[in-house]
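What follows is a single structure, written as structure tokens, with notes after it.
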Number of protein chains: 2
Amino acid sequence: MGSLPIDLFNPLDNENFVDESSRVLEFIADYYKNVGNYPVRSQVKPGYLQKLSPNSAPYFPESLETILGDIQTDILPGLTHWQSPNFFAYFQANASTAAFLGEMLCTGLNVVGFNWISSPAATELEAIVVDWMGKMLKLPQSFLFSGGGGGVLHGSTCEAIVCTLAAARDKALNELGADKITKLVVYGSDQTHFTLQKASKLVGINPNNFRTIKTSTLTSFALAPDDVRATMEADLASGLVPLFLCATIGTTALGAVDSLEGLGQVAKDYEVWFHVDAAYGGSACICPEFRQYLNGIELVDSISMNPHKWFLTNMDCCCLWVKNPSTLVDSLSTSPEILRNKATESKKVVDYKDWQIALSRRFRALKLWLVIRRYGVANLMEHIRSDIKLAKKFEGFVVEDERFEVVVPRKFALVCFRLKPRRSEEDGSKLNWKLLEEVNSSGKAFMTHAVVDGTFLIRCAIGGTFTEERHIDGLWKLIQEKAADLVIETCYPSII
Amino acid sequence: MGSLPIDLFNPLDNENFVDESSRVLEFIADYYKNVGNYPVRSQVKPGYLQKLSPNSAPYFPESLETILGDIQTDILPGLTHWQSPNFFAYFQANASTAAFLGEMLCTGLNVVGFNWISSPAATELEAIVVDWMGKMLKLPQSFLFSGGGGGVLHGSTCEAIVCTLAAARDKALNELGADKITKLVVYGSDQTHFTLQKASKLVGINPNNFRTIKTSTLTSFALAPDDVRATMEADLASGLVPLFLCATIGTTALGAVDSLEGLGQVAKDYEVWFHVDAAYGGSACICPEFRQYLNGIELVDSISMNPHKWFLTNMDCCCLWVKNPSTLVDSLSTSPEILRNKATESKKVVDYKDWQIALSRRFRALKLWLVIRRYGVANLMEHIRSDIKLAKKFEGFVVEDERFEVVVPRKFALVCFRLKPRRSEEDGSKLNWKLLEEVNSSGKAFMTHAVVDGTFLIRCAIGGTFTEERHIDGLWKLIQEKAADLVIETCYPSII
């Protein structure tokens, strides 16, 4: 009354919001038009951006024009372009219009759905969309909410594994006593993603109690059930307690697939929690011709897969399903007074804060829901199949050229190949390392490598949103050129 | 050659991308125009969305029009509107145009910067922007990259605490031996966010070794250093090992502030890792008049704060600074062959995968960088100060009305108040619970509660992006109306 009104700084003026956002949209569209022209792997030197940036935050605001200018000149050259059609490194991180729309809505609405009441639609849509995904993968009813199980969206496989490991650990310690944490053992193969080892350490498993079981060409680098059994027997004999076994559908290095049927029986016999990491291969399993890789899934306690890899869903999005949500909730739930509410007390709702590490969470379900509805299962299968076709074509190139060989059988859209060693294996590794570096430093394509059983190989992961047949043709041409240069260099080293 | 070309489904057609994104922009702008008209706390019933949704994913694509229509009719009513100007619950989740632009760019570029080479700019911009933030907070040089420390962006405080706890745990176990994990003890107060307890359990601390030290009005609900000292002494006497102490700048229930100076000395004496959770209060500390709350910060090992609360940065964004990054990296690093690269081997770069739980990570730095540059420190301070002014105004309303009282002294923009109990404390709790429920179920505003020392109080957290003076006036009018109804009901219960 009588006092001056309180002046508010308005960072969300409606007209300005639409205007500036539209300019950024155009910027991104322009980036997509040109993304194939940038060197795929960034060619900057460590510390390049520090030299271009002021040492402290600006006191006064800067214009969007200035900032977008800096992104164009300073940031874009420092990116390794995951959306380049010539990106074949690691695994792809698919982008799509529908996922982008979902992220815009998630960010714009900016609700924080940690429990049901804090935004019921965020929780309910997530439950619906993970059930849809579960059905697309033909998971047993027991993994769906309608069948007493359920799913949740995490940001990454590591988070999903940390949570399932914690659930398994606490279930075991409730029986054994908290002091027995030092006795628990976790099992994976030498092809299991290193995330399992990190997650085990994170949840307090003694690093000495992590078992990396060796695989070989004999099983196409799949984990052999008998080897797991033998390792568990040995641990039991030394007074340890087998806790957790992780199988993989589409390993990181090679795209190998562990057999759920064989391993499931071992998990059952030794009463360990059995998790399946289908981060990469899971997406393909929506196609009937790949569903076989999930045979035995009924023997599993939990399964995770990443739509943010090969399912047209921009970062980040990882689906985790569990058969017994109560095990997860028992380990992760908290009931502080400050969050007490009638909906939770009615026990008729899911509070997703109890299914994950953090309290706060984004409305990620919108993104996956948009992808599924906007494209439909038909196009999503088509998306997977066309990438596989491209991979087959690339594989054909390798097979036809007698200087090269496919190192392990291809299962999905990852082709593992190398120049055949001419003298020794050691020489072969050096030669392929050099070939890879020549390709990558050309800026025209980016692939990565793996070393399996002492063999250095080049990984060509096909599946970028913008990758077309002509890019596969171009990649092969590039590889052939670089290989020819290497051959000349190796034959006539003194001339070079 | 001769074979049919491989048809590709194109989910990122440039024209379509701009067209559909523009329509979603308009949708969000329209939402912002109307967000004040929706019931703030959603009024749907558990399971409402399941009834409106198909049981499985559509086989064929659906139009954006159909999907946006469903969002309007089915999703929006199921949201609790965190961006409503009448949202005063929990703590606010600020949205802004600049952060939205940053998220669009992050999602659009869709790079995955787990290590330096996977997108150098993502790593370098993050290092720059956390150093900027650190300087804005006047953190000691030792927390900045330039001073041998460094910072990282996480998604949430819980992740930040899990990582620092793991670092502290592994540092201790390296000296004590892995079996001593069962002896480690973590300390917080009864006002510390429950995330600390959850994080402790996650990293394998025996739940019996978590200490919740009681606070009281005597210290304005701050953790008393002498009480911490006594608790640690008792633990040492029973053969346990004090590991980790967490102080809070702006507690969740009350906005209370622990003294870093007093606690820092205890942490030093007992050689425990000392973390500061400034999730809420940290943002205010960029203003000189609030910086005092960080006095003693030089005694701390790590500090985290959430720009996604009160710093105009849409979800999710949490800054974590550590004095000794090597402790963090020692605990969290992994060096699989598949990620081997020259930049990492040169040791001249930061690989942020070793500073966090997950491998994959989004380019969150863009968002915070956009916020800081587009608004400037001047406007960011103005933003904090105007919210404090609104909170002071609301506090004035409470003080002026003799039926009400402010329960604990206000430090930031959170006002904790209640209707004075007329008969007993128990009666007072019931009365205030009823008042809160009347306000919330009206749909006109949403606040939450806390119970401290047996006292039920109502929390009014001011700071939403759209909240203006008139909303504070309206909120107080609403509270007065509902309180008057309650008084009548209490005086003449038989008539109602």
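Reckoned from all heavy atoms, side chains included, excluding hydrogens, waters and symmetry mates. Order of the sequence lines sets the chain letters (A, B, ...), proteins ahead of strands, with each chain counted from 1.
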- Using non-hydrogen atoms and a 4.5 Å limit, figure out which bit of Phe145(B) sits close to chain A: side chain, backbone, both or neither. neither
- Check whether Ile205(B) gets within reach of chain A through its side chain, its backbone, both or neither, counting any heavy atom under 4.5 Å. neither
- Message: If we ignore hydrogens and angles and just use 3.5 Å, is the side chain of Thr107(A) paired with the main-chain N or O of Met104(A) as donor and acceptor?
- Response: no
- Query: Under 3.5 Å, side chain of Ser119(B) to main-chain N/O of Leu79(A), donor-acceptor pair present?
  - Reply: no
- Message: Under 4.5 Å from any heavy atom of chain B, what part of Lys342(A) do you find: side chain, backbone, both or neither?
- Response: side chain
- Task: Let me know if Met315(A) has heavy atoms under 4.5 Å from chain B in its side chain, its backbone, both or neither.
- Result: both
- For chain B, which of Thr448(A), Thr195(A), Leu125(A), Asp131(A) has the most heavy-atom pairs under 4.5 Å? Leu125(A)
- Proximity breakdown for Tyr31(B) and chain A, heavy-atom pairs closer than 4.5 Å: side chain
- For the residue pair Ser156(B) and Asp316(B), confirm or rule out a side-chain donor-acceptor distance under 3.5 Å. no
- Side chain, backbone, both or neither: which part of Lys348(B) has an atom under 4.5 Å from a heavy atom of chain A? both
- Item | Contacting region of Ile472(A) [heavy-atom separation from chain B under 4.5 Å] | neither
- Min side-chain heavy-atom separation Ile357(B)-Cys163(B) under 4.5 Å: yes
- Task: Grab the two heavy atoms, one from Thr97(B) and one from Tyr375(B), that are nearest each other, plus how far apart they are.
- Result: N-OH, 3.4 Å
- Of all of Ile372(A), Asp13(A), Asn14(A), which one pairs up most often with chain B through heavy atoms under 4.5 Å apart? Asn14(A)
- Message: Looking at chain A, which one of Val377(B), Asn110(B), Val203(B) has the largest number of heavy-atom pairs inside 4.5 Å, strictly under?
- Response: Asn110(B)
- Query: Do the non-hydrogen side-chain atoms of Leu64(B) and Arg23(B) ever get within less than 4.5 Å of each other?
  - Reply: yes
- Task: Flag the one option from Val24(B), Ile67(B), Asn206(B) with the top tally of heavy-atom pairs under 4.5 Å to chain A.
- Result: Ile67(B)
- Please flag which part of Leu109(B) lies under 4.5 Å from any non-hydrogen atom of chain A: side chain, backbone, both or neither. both
- Query: Would you call Tyr90(A) and Val112(B) a side-chain contact if the rule is heavy atoms closer than 4.5 Å?
  - Reply: no
- Given that the side chain runs from C-beta out, which part of Glu103(A) has a heavy atom under 4.5 Å from chain B: side chain, backbone, both or neither? side chain
- Message: Tell me which of these, Leu312(A), Leu25(A), Thr467(A), has more heavy-atom pairs under 4.5 Å with chain B than the rest.
- Response: Leu25(A)
- Choice from Ser146(A), Ser118(A), Ala166(A), Pro207(A) maximising heavy atom contacts with chain B below 4.5 Å: Ser118(A)
- Go through the atoms of Ser63(A) and report whether side chain, backbone, both or neither lie under 4.5 Å from a heavy atom of chain B. backbone
- Tell me, out of Lys198(B), Glu468(B), Met133(B), His193(B), who's got the most heavy-atom pairs with chain A below 4.5 Å. Lys198(B)
- Sort out for me which of Gly113(A), Ala99(A), Ala93(A) touches chain B most, counting heavy-atom pairs under 4.5 Å. Ala93(A)
- Given His308(A), Gln83(A), His383(A), the one that forms side-chain hydrogen bond (donor to acceptor under 3.5 Å, both in side chains) with Asn94(A): His383(A)
- Just give me the residue among Val18(B), Thr465(B), Leu105(B) that pairs up with chain A most often, heavy atom to heavy atom, under 4.5 Å. Leu105(B)
- Query: Less than 4.0 Å between a side-chain N and a carboxylate O, is that true for Glu337(B) and Arg340(B)?
  - Reply: yes
- Taking all atoms of both residues into account, what is the closest heavy-atom pair of Ala121(A) and Tyr48(B), and its distance? CB-OH, 3.2 Å
- Message: Counting heavy-atom pairs under 4.5 Å with chain A, which one of Gly204(B), Ser53(B), Pro77(B), Pro58(B) comes out on top?
- Response: Pro58(B)
- Message: Tell me which of these, Ile181(A), Thr66(A), Leu332(A), has more heavy-atom pairs under 4.5 Å with chain B than the rest.
- Response: Leu332(A)
- In terms of heavy-atom pairs under 4.5 Å, which option from Glu159(B), Glu26(B), Lys33(B) contacts chain A the most? Lys33(B)
- Message: Looking at Arg41(B) and Glu437(B), is any side-chain nitrogen of the basic one under 4.0 Å from a carboxylate oxygen of the acidic one?
- Response: yes
- Query: Would you call Val349(A) and Thr123(A) a side-chain contact if the rule is heavy atoms closer than 4.5 Å?
  - Reply: no
- Decide salt bridge (charged side-chain N to carboxylate O under 4.0 Å, His left out) for Glu469(B) and Lys389(B); before the verdict, give the C-alpha distance in whole Å, the side-chain angles of both, and the deciding distance to 0.1 Å. CA-CA 9 Å; Glu469(B) 197 166 0; Lys389(B) 277 184 208 159; over 6 Å; no
